[in-house]
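Below is one structure, written out as C-alpha cells, with a few remarks after it.
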Amino acid sequence: MTAIVQKLPLRAVAVPYPALVAVLAATLAASVVIATGIGAVGVPAGEVVGILAHHLTGGGDGTATAEVIVWRLRFPRVLLGAVAGAGLALAGAVVQGVVRNPVADPYLLGLSHGASVGAVLVLTTGSAVVGALTLPVAAFSGATSAMAIVLAIASRQGRLLPVRLILVGVAFGHLFAGITSFVLAGTDSSAAQQQIIFWLLGGLSGTNWATLPVPAAVVVTATALLLVRARRLNALVLGEEAGAALGLDTGRMRWYLLLLVTLLTGTVVAVSGGIGFVGLIVPHLARMLVGADHRRMLPITVLLGAVFLLWADVAARTLVSPAELPIGVLTAFLGVPFFLLVMRARGLAGQEMT
Amino acid sequence: MRLDIDSVSIMLGGREVIDDVSLTVPSGRFAALVGPNGSGKSTLLRAVYRAHRPHAGTVRLDDRDLWSIPTAHAARSVGVLMQEQHTGFEFTVAETVALGRTPHLGFFDRFTRTDRAAIAEALDRTGLTRYARRRVGELSGGERQRVLLARALAGEPRLLVLDEPTNHLDVRHQLDILELVRDLEVTVLAALHSLDLAATYADTVAVLRAGRLVAQGPAADVLTPVTIGEVFEVDATVYGDGGRLQFALRPRCVCPDRRCHWSCRHRTETVLTDAR
C-alpha cells in the first residue's frame with residue numbers, strides 16, 4: 001500500500017497539455033458510443049454510430065427495437081450522465097477554490113441536503129403525480145433555498161469568509177439531513193421510502209430527451225464563464241488579503257462564483273439526485289494531472305467528470321441487471337478508496353515541506 | 001511614485017490600531033517601518049494595498065486618493081510582498097509569479113506579450129528562471145520569499161510594499177533580498193524587524209509604537225538609544241558615526257511602578273523602581 005502511495009505522481013505529469021485534452025475528449029466521445037451500446041440488449045458500437053448518425057443528420061424516428069433503445073432510452077441517459085458528471089466536478093473545483101480548501105465539495109455548503117428536503121417532501125406528500133417536472137423543480141428549489149439560507153447566515157457585512165461558510169454549510173447540511181430523516185421515518189408507504197432512498201443516493205433512470213436541455217445548457221454556460229475567469233480564480237485561492245493586493249474584489253467574486261455553483265449543482269441534483277464524491281475527487285485527479293492552475297485544470301475536470309459519471313452509471317444499470325443500483329453507491333465505492341489514496345499522498349507531501 | 005499617508009487612523013474590531021499616522025515616502029526612496037510586534041506595522045501597510053480602509057485620513061499615490069481610484073488601477077501601481085499562509089493548492093513558481101499580472105488582466109483573462117515579458121523579467125531578476133516549473137511548496141524558505149517578491153515585481157509596480165520581507169531568511173538571503181529591492185527604481189515601504197537592516201537600506205526610518213508614529217527621519221537621527229530603549233524596552237548601544245550603524249541590544253528590566261515586562265520576572269538583574 002505504502003509503496004503504491006509513494007509512486008503516485010505528486011509532480012505534474014509531463015504529458016503535453018493539448019494532447020491530454022485531445023485524448024480525454026476522444027475518450028469521452030468513444031465512451032458515449034460504447035456506453036450507449038451496453039445494456040440488457042447489447043447493440044454493437046458500429047450500429048450505435050449508424051443510428052446516432054442517422055438521427056443527428058436529421059433522419060426521422062424509426063421503430064426498430066435497437067433504434068428505440070439507442071435513441072430514445074440510452075443515448076439521452078448517457079449524455080445526462082456525462083453532463084451531470086461534468087457539472088458536479090466543475091462545481092466541486094469552484095467550491096474548493098472559493099473556500100480555499102482542496103477537500104471541499106459542492107455539497108459541503110448544504111446544497112444536496114436542501115435538494116433532498118425538497119424532493120422528499122414531494123415524494124411523501126404524493127404531489128409527484130402533479131407532473132413529471134414536480135420532483136426536479138422541488139429539488140432545485142430545495143437546493144437554492146438551502147444555499148440562500150447558508151449564504152445569508154455566513155455573510156457578514158456582505159463578506160463571505162471561507163471558514164464561516166464551511167461551518168454554516170456543514171451545520172445546515174446536518175439540519176436538512178435531519179429533516180429528511182424525520183420525514184422518511186414518519187412515512188408509512190414503503191414504496192415512498194424506497195423512492196426516497198434511491199433519490200438520496202442518486203440515479204439517472206427515467207432520463208428522456210426532455211430532461212437533458214436545461215442541465216446541459218447550464219453546464220456549458222458555466223464552463224464557458226469560468227474559463228473566462230480562470231486566472232482570477234487562481235488569485236482568489238490566495239485569500240482575501242493577497243486578492244486585495246492584486247486588485248481583486250474577493251468578496252464580490254465569491255458571491256458570483258457561489259451563485260454559479262448553486263445554479264450548477266441545483267440543476268444537476270434536480271435531475272440526478274444526490275450523487276456524491278464526483279465533485280470531491282475529480283478536481284483532485286485533474287490537479288494531480290495538470291497542476292493547480294485553473295486554466296488548465298478546469299477543462300480536464302469537466303472531461304474527467306463526464307467520463308467518470310458516465311461509466312459509473314453504466315455500472316449502476318448493468319451490475320445487478322435487470323434491477324439498478326443507485327449511482328451514489330458506485331461513486332462511493334470508486335471514490336472513497338481513491339480519495340484516501342490522494343489524502344495519504346498529500347499527507348506525505350505535507351510532511352516533506354515541514 | 002510618491003506615497004503620502006496623511007493622518008491615517010484605522011479601527012479593527014472596535015479598537016484604534018493606527019492612530020493619526022502621517023508618513024511621506026518620496027518617489028524612488030526606501031522607507032522602513034520599525035516597531036515592536038503588535039505596534040500596527042502590518043495594519044498600516046494593509047491600508048496602502050487596500051486591505052484595510054482607514055476610518056480617517058487619506059492614503060495618496062502621486063496625489064491621487066488610493067480609495068477613489070478603481071481597485072485594479074490601484075493594484076497596478078502597488079506591488080505587495082506579504083506574509084502568506086500555504087493553501088494546499090500547489091501552484092508552480094511560474095503560475096504564482098503570473099498571478100502578479102492579475103490587476104492588468106483584460107476581460108477574457110488572456111495574457112498579452114507585455115504580460116509574458118513582465119513575468120519573464122520578474123523571474124530573471126529574482127534568479128528564479130530555472131525554477132519556473134517547480135512547485136512552490138518544494139522550495140526552501142528563501143526561494144519561496146523570492147517567489148513572492150517576483151510575483152510583486154511581475155505587476156511592474158511603482159511602489160513596493162514589503163511586510164517583513166526577511167522573515168525566516170538566513171543572513172545572506174536577508175541581504176540579497178534587500179539589495180535587490182534597493183536596486184529597483186521604485187518607491188519602497190517595508191516593515192522590518194532588524195534595526196541593522198533598516199539602518200543599512202532605508203533612506204527614512206519610521207518608528208511605530210502602539211499605533212502611533214514616534215519618530216521618523218534618517219536612521220542616524222531616529223534610531224537613537226533613547227528612542228530604541230523606549231519603544232522596544234531594551235537597553236541599546238549604537239555604534240557607528242554617520243556611516244553604518246550597528247546596534248547592541250539587551251532586554252531592559254527597569255520596572256517603573258513595579259510594572260515589569262513579563263520576561264523580567266525571572267531575571268536576576270531586574271531593577272525594581274518605585275515611582276512613589
Side-chain angles (χ1 to χ4, degrees), chain A residues 10-12 14 93 96-104 157 162 224-253 283-284 287-288 290-298 342-343 345-347 349-354, chain B residues 42 45-53 69-92 94-96 98-111 115 133-141 144 148 151-152 154-155 157 161 163:
Chain A
L10 284 174
R11 290 183 57 105
Q96 290 170 0
V98 169
V99 301
R100 305 176 61 206
N101 191 329
V103 290
Q157 295 155 3
L225 285 175
L226 287 168
L227 281 178
V228 165
R229 282 288 179 270
R231 277 194 208 282
R232 273 164 245 237
L233 214 50
N234 287 346
L236 187 70
V237 166
L238 300 177
E240 293 265 297
E241 220 181 300
L246 293 171
L248 205 66
D249 190 339
T250 47
R252 230 177 65 190
M253 195 159 163
H284 264 293
R287 278 193 205 97
M288 288 174 71
V290 296
D293 183 351
H294 286 91
R295 267 175 333 125
R296 289 157 60 87
M297 68 79 77
L298 286 181
V342 174
M343 270 206 358
R346 289 215 171 263
Q351 274 168 16
E352 278 165 24
M353 275 172 34
T354 47
Chain B
S42 297
L45 295 185
R46 285 193 193 107
V48 180
Y49 58 86
R50 292 189 40 140
H52 284 327
R53 189 170 193 148
I69 52 183
T71 322
H73 235 107
R76 260 175 245 168
S77 309
V78 185
V80 187
L81 189 160
M82 69 191 77
Q83 302 173 50
E84 214 162 273
Q85 336 92 303
H86 186 62
T87 56
F89 289 87
E90 316 216 19
F91 290 108
T92 64
E95 285 162 2
T96 307
L99 290 177
R101 294 302 292 176
T102 306
H104 296 269
L105 288 175
F107 183 78
F108 285 109
D109 278 17
R110 300 200 66 88
F111 273 168
D115 293 315
R133 298 176 74 89
R134 293 269 298 275
R135 291 214 307 229
V136 177
E138 298 170 357
L139 304 179
S140 73
R144 249 184 271 179
L148 294 183
R151 189 180 81 200
V161 177
D163 195 354

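Quick note on labels: first sequence line is chain A, next is B, and so on, each numbered from 1. These numbers come from a predicted model, not from an experiment.
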### Task
Give the intermediate values and the outcome of side chain to side chain contact (heavy atoms under 4.5 Å, CB included) for residues A/E241 and B/D163.
CA-CA 12 Å; A/E241 220 181 300; B/D163 195 354; 5.6 Å; no
### Task
Select one option (side chain, backbone, both, neither) describing which atoms of B/R101 are under 4.5 Å from chain A's heavy atoms.
neither
### Task
Below 4.5 Å from any heavy atom of chain B, which atoms of A/A242 appear? Answer side chain, backbone, both or neither.
both
## Note on the structure
Most heavy-atom pairs under 4.5 Å with chain A, out of B/A75, B/P70, B/A51, belong to B/A75
### Message
Need one label for B/A74: side chain, backbone, both or neither, based on atoms under 4.5 Å from any heavy atom in chain A.
### Response
neither
#### Entry: B/V80, part contacting chain A, at a heavy-atom distance under 4.5 Å
side chain
### Message
Return the OH to CG distance between B/Y49 and A/L246, rounded to the nearest 0.5 Å.
### Response
10.5 Å
### Query
So which of B/T92, B/D109, B/V48, B/T71 has the largest heavy-atom pair count under 4.5 angstrom toward chain A?
B/D109
### Task
List the atom of A/A235, the atom of B/T102, and the distance in Å for their closest heavy-atom pair.
CB-OG1, 3.9 Å
### Query
If we only count heavy atoms from C-beta on, is the B/D115 to A/R231 side-chain gap below 4.5 Å?
no
### Message
Counting only non-hydrogen atoms closer than 4.5 Å, does B/R76 touch chain A with its backbone (N, CA, C, O), its side chain (CB onward), both, or neither?
### Response
neither
### Query
Looking only at heavy atoms, what is the nearest atom pair of A/A244 and B/R50, with distance?
CB-O, 3.8 Å
### Query
What part of A/E240 lies closer than 4.5 angstrom to a heavy atom of chain B: side chain, backbone, both or neither?
neither
#### Entry: Nearest heavy atoms of B/R151 and A/L238, plus distance in Å
NH1-CD1, 3.4 Å
### Query
Has the side chain of A/N234 got a donor or acceptor atom that lies under 3.5 Å from a matching backbone atom of B/L99?
no
